[in-house]
Amino acid sequence: MTNKFKTTSKILLWPLAAAALAGAGFASCTPEDRPSVPEPEPDPVEVHPVAREGWDIYTGPNYRYGPSIIVNDDNSIDIWLATPGDYYGTNVTIPVSDAQTAVQLGTTGVLAQKFTSSSDFGFISLQCPSWGSASEGFTLSLYAWDTDYATTLSGAAVASKRFADYADNSWLSLYRSPKEDYTETFPAGTYLWVMSDGTAQSGIWKCPDPGSAAGTDAVSYVGGEPVEGQFRCRLTSGGSGKYYWDKITWRHSDDGGQTWTDEADALLPSDGKRDAFSVCDPGVACWDGWYYIAYTSTEEPNGFDNDLYIARGQSPTGPWEKWSGSGWGSDPQPVIDYEPVPGHEGVVFGAGEPCIVVKDDLVYLYYSYNDYLAAEDRQGTTTRVSTAPAGDENWPAHLQYRGVALDKSDIYDPDHTDVKYIQQSRKFVAIHAERRNSDLSRIRVWESEDGITFTKGDIVQGTLRKGIINAGMSGDGLGQVRPDVQQFLSYAHSDPPRIWGRWFTWFQPLDWEPDEEKS
């Protein structure tokens, strides 16, 4: 698929070599040999983006947002998206559905569950309500099963813990070791956990549906008698069992985005590390044999005060080495480490939502930097830019801050920014949604001669959905838009009544048309 306009002069592009990786059908990031005598470039042509009618590539029930899109040398497409997260490690949830009702333990009750694990496990977790109280507690004990319920309880517990003042609806975990190190495991076998010595409003959630997860053969008990349904218990091995909010997935298309490969995990957060809560907002580029994926994460438990991280790998799905502060490894450290204004921690976004452009052997790293403006008692909304030499293997260590690229403070409810270098116009162009997540949402365009300072322009023309969230536009692996290569626009969207995080994902052709054709 190509744009409807053509250029008659040949342009020197330094294209990425189209070497297919095994079984995936995508182009590699290895450049071809460069000609010794470059041909002259044609005069620049002013262009503007026009969106054509598109289609949904995701229709729920959750979200796929923050797209980063690369059109490869063979016109195939790679897309990376932020998607809902999961629990660390291998987790087996014993109930067979998410249906649940609260069961009160109280001061005299005894609740229990027998289960079988076919492999070693690090700990068990129970989901426990407290009916809004913050002063409830109980004792949880785990026994190796022996013959029957009564015989099992007559033996010694293999682990026990007193929980006090737990938060309502918490997942409470019992480990083999008092150090709560999940690497020390319980051996495979059949067990019985028992809740006892509770307070008045202690309890557990229970799924009323019969049956249990395959192989667990679970039976739940109230007062020593079997009951229908299963208490909400999870068995975890090989990880902390904690929940991470987002991960980044990848899909590939060989037919202009009409059909896609199955979704594959591309980048996950690192259990117990600084990016453990989440990885989201992917910004992907590739050169010199490496894919680089910049992303957002945070150490603030409510999702504020974000930082920017970078990883690299040799395929679209890794394996990845994360920037560790001085090199590439497994201990991720922020490239942009947001420092909140003292006294105003946990109130603003911070730094993140990155994208990367490579031009003239220089990396341009763009990112949101939404800081707290104390004088105005509000959040400032900007896109910043830092640069580094693209030929430096450790380029994140040599990023230089170049200033505020876009100041969006006068725009109503702006979204994150995506930037590409347009070869026809020889300009950097930025887009972002404004009036986001509403019937009046649209996409704003900015331009820059040098990639450092941008001037606000018009809006993207053509047909767009309503309720736009986090738009991204395509380019090649260097973040450049080549003439006569079909480009694309993608974003999350929704219709009223809008529920946060319940979005479809739209994908549509994006044409860069000469300004004289602008209507």
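Remark: I310 CD1 to L399 CG distance equals 6.0 Å, nearest 0.5 Å. Note that CG of D458 and CG of D515 are 9.5 Å apart. Values are rounded to the nearest 0.5 Å. The structure places CD1 of I79 at 9.0 Å from OG1 of T249, a figure rounded to the nearest 0.5 Å. Atom-to-atom distance recorded for T505:OG1 and L81:CG is 6.0 Å, nearest 0.5 angstrom. The CG atom of D265 sits 7.0 Å away from the OG1 atom of T83 when rounded to the nearest 0.5 Å. Note: D418 CG to H432 NE2 = 11.5 Å, rounded to the nearest 0.5 Å.
At least one side-chain heavy atom of W260 sits under 4.5 Å from a side-chain heavy atom of I77. Looking at T387 and K359, their side chains never come closer than 4.5 Å, going by heavy atoms from C-beta outward. In this structure, S438 and D413 have side chains that are not in contact, with every pair of non-hydrogen atoms separated by 4.5 Å or more. Side chains of P282 and Y295 form no contact here, defined as non-hydrogen atoms less than 4.5 Å apart. With a 4.5 Å cut-off on side-chain heavy atoms, S494 and R502 do not count as touching. Contact of the W446 side chain with the T383 side chain is not registered, since no non-hydrogen atoms from C-beta on lie closer than 4.5 Å. Side-chain contact between V71 and Q486 is absent, with no heavy-atom pair separated by less than 4.5 Å. Side chains of R384 and I336 form no contact here, defined as non-hydrogen atoms less than 4.5 Å apart.
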* Audit row: F428, Y364, ring pair (Phe, Tyr, Trp, His ring centres under 6.0 Å) steps and yes/no -> CA-CA 10 Å; F428 295 78; Y364 293 78; 4.9 Å; yes
* Walk me through it: do D337 and R274 pass the test salt bridge (Lys or Arg N to Asp or Glu O under 4.0 Å)? => CA-CA 11 Å; D337 194 347; R274 292 190 66 177; 3.4 Å; yes
* Audit row: L174, F123, side chain to side chain contact (heavy atoms under 4.5 Å, CB included) steps and yes/no -> CA-CA 5 Å; L174 177 63; F123 54 95; 5.8 Å; no
* Given the rule in the side-chain hydrogen bond (donor to acceptor under 3.5 Å, both in side chains) test, do D275 and Y244 qualify, once you have shown the distances and angles that lead to the verdict? -> CA-CA 9 Å; D275 68 351; Y244 55 89; over 6 Å; no
* Asked: Between R482 and D484, does a salt bridge (Lys or Arg N to Asp or Glu O under 4.0 Å) hold up when you go through it step by step?
  -> CA-CA 6 Å; R482 307 177 185 180; D484 299 326; over 6 Å; no
* To do: Evaluate the criterion side chain to side chain contact (heavy atoms under 4.5 Å, CB included) for residue pair L489 and I443; output intermediate values, then yes/no.
  => CA-CA 11 Å; L489 177 69; I443 298 177; 3.9 Å; yes
* To do: Let me see the working for T417 and Y366 under side chain to side chain contact (heavy atoms under 4.5 Å, CB included), right down to the final yes or no.
  => CA-CA 8 Å; T417 301; Y366 299 92; 6.0 Å; no
* Output, in order, the C-alpha distance, side-chain angles, deciding distance and verdict of side chain to side chain contact (heavy atoms under 4.5 Å, CB included) for K273 and S330. => CA-CA 9 Å; K273 303 295 185 178; S330 58; 5.7 Å; no
* Given W320 and Y291, is the ring pair (Phe, Tyr, Trp, His ring centres under 6.0 Å) satisfied, shown in steps? -> CA-CA 9 Å; W320 303 96; Y291 285 85; 7.1 Å; no
* **Step-by-step side-chain hydrogen bond (donor to acceptor under 3.5 Å, both in side chains) determination, T236 to N91** => CA-CA 5 Å; T236 301; N91 295 273; 2.6 Å; yes
* Could you please spell out the steps behind the ring pair (Phe, Tyr, Trp, His ring centres under 6.0 Å) verdict for W171 and Y243? => CA-CA 10 Å; W171 282 94; Y243 187 78; over 10 Å; no
* Passes salt bridge (Lys or Arg N to Asp or Glu O under 4.0 Å), K179 versus E184? Steps please. -> CA-CA 9 Å; K179 296 182 296 182; E184 186 173 346; 5.1 Å; no
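If you run side-chain hydrogen bond (donor to acceptor under 3.5 Å, both in side chains) between H416 and each of N470, N370, T381, only N470 comes through.
Side-chain polar atoms of T296 and D281 form a donor-acceptor pair below 3.5 angstrom. A donor-acceptor pair shorter than 3.5 Å cannot be found between the side chains of D181 and S177.
When ring centroids are compared, Y182 and Y88 stay outside the 6.0 Å threshold. Between W323 and W328, the distance separating the two ring centers is shorter than 6.0 angstrom.
Minimum heavy-atom separation, Y338 to V348: OH-CG2, 3.2 Å. Looking at every heavy atom in both residues, P316 comes nearest to A266 through O-CB, 3.8 Å. Minimum heavy-atom separation, I356 to V363: CG2-CG1, 3.9 Å. Of all heavy-atom pairs between P84 and N62, the closest is CG-CB, 3.6 Å. Taking both residues in full, the closest heavy atoms of F507 and I57 are given as CB-CG2, 3.6 Å, listed atom of the first, atom of the second, then distance. Across all their heavy atoms, D288 and A390 have their closest contact at OD2-O, 4.4 Å.
The backbone N or O of R52 lies less than 3.5 Å from a partner atom in the side chain of Q508, making a donor-acceptor pair. T298 places a side-chain N or O within donor-acceptor distance of the main-chain N or O of F304, the cut-off being under 3.5 Å. Between the side chain of D271 and the backbone N or O of S240, at least one donor-acceptor pair lies under 3.5 Å. Of the possible polar contacts, one joining the D476 side chain to the G479 backbone as a donor-acceptor pair under 3.5 Å is found. Checked by atom type and distance alone, the side chain of Y491 pairs as donor or acceptor with a backbone atom of R465 at under 3.5 Å. At least one donor-acceptor pair closer than 3.5 Å links the side chain of D74 to the backbone N or O of S76. Distance alone, capped at 3.5 Å, is enough to place a donor-acceptor pair between the Q379 side chain and the F349 backbone. Judged by distance alone, with hydrogens and angles left aside, the side-chain atoms of S441 form no donor-acceptor pair with the main-chain N or O of K466 at under 3.5 Å. Judged purely by atom type and a 3.5 angstrom limit, Y58 uses its side chain to pair as donor or acceptor with the backbone of G60. Q487 places a side-chain N or O within 3.5 Å of a backbone atom of V485 that can act as its donor or acceptor partner.
In this structure, D98 places its CG atom where only 12 or fewer heavy-atom neighbours from other residues, nucleotides or ligands lie under 6.0 Å away. For CG of D439, the number of neighbouring non-hydrogen atoms (other residues, nucleotides, ligands) closer than 6.0 Å is greater than 12. Annotation: E53, atom CD; neighbour count of heavy atoms from other residues, nucleotides and ligands within 6.0 Å is above 12.
Using a 4.0 Å cut-off between charged nitrogen and carboxylate oxygen, R402 and D450 do not count as a salt-bridge pair. A salt bridge does not link E263 to R251: none of the charged side-chain nitrogens sits closer than 4.0 Å to a carboxylate oxygen.
Aromatic ring orientation, W503 versus Y65: perpendicular (interplanar angle above 60°, classes split at 30° and 60°).
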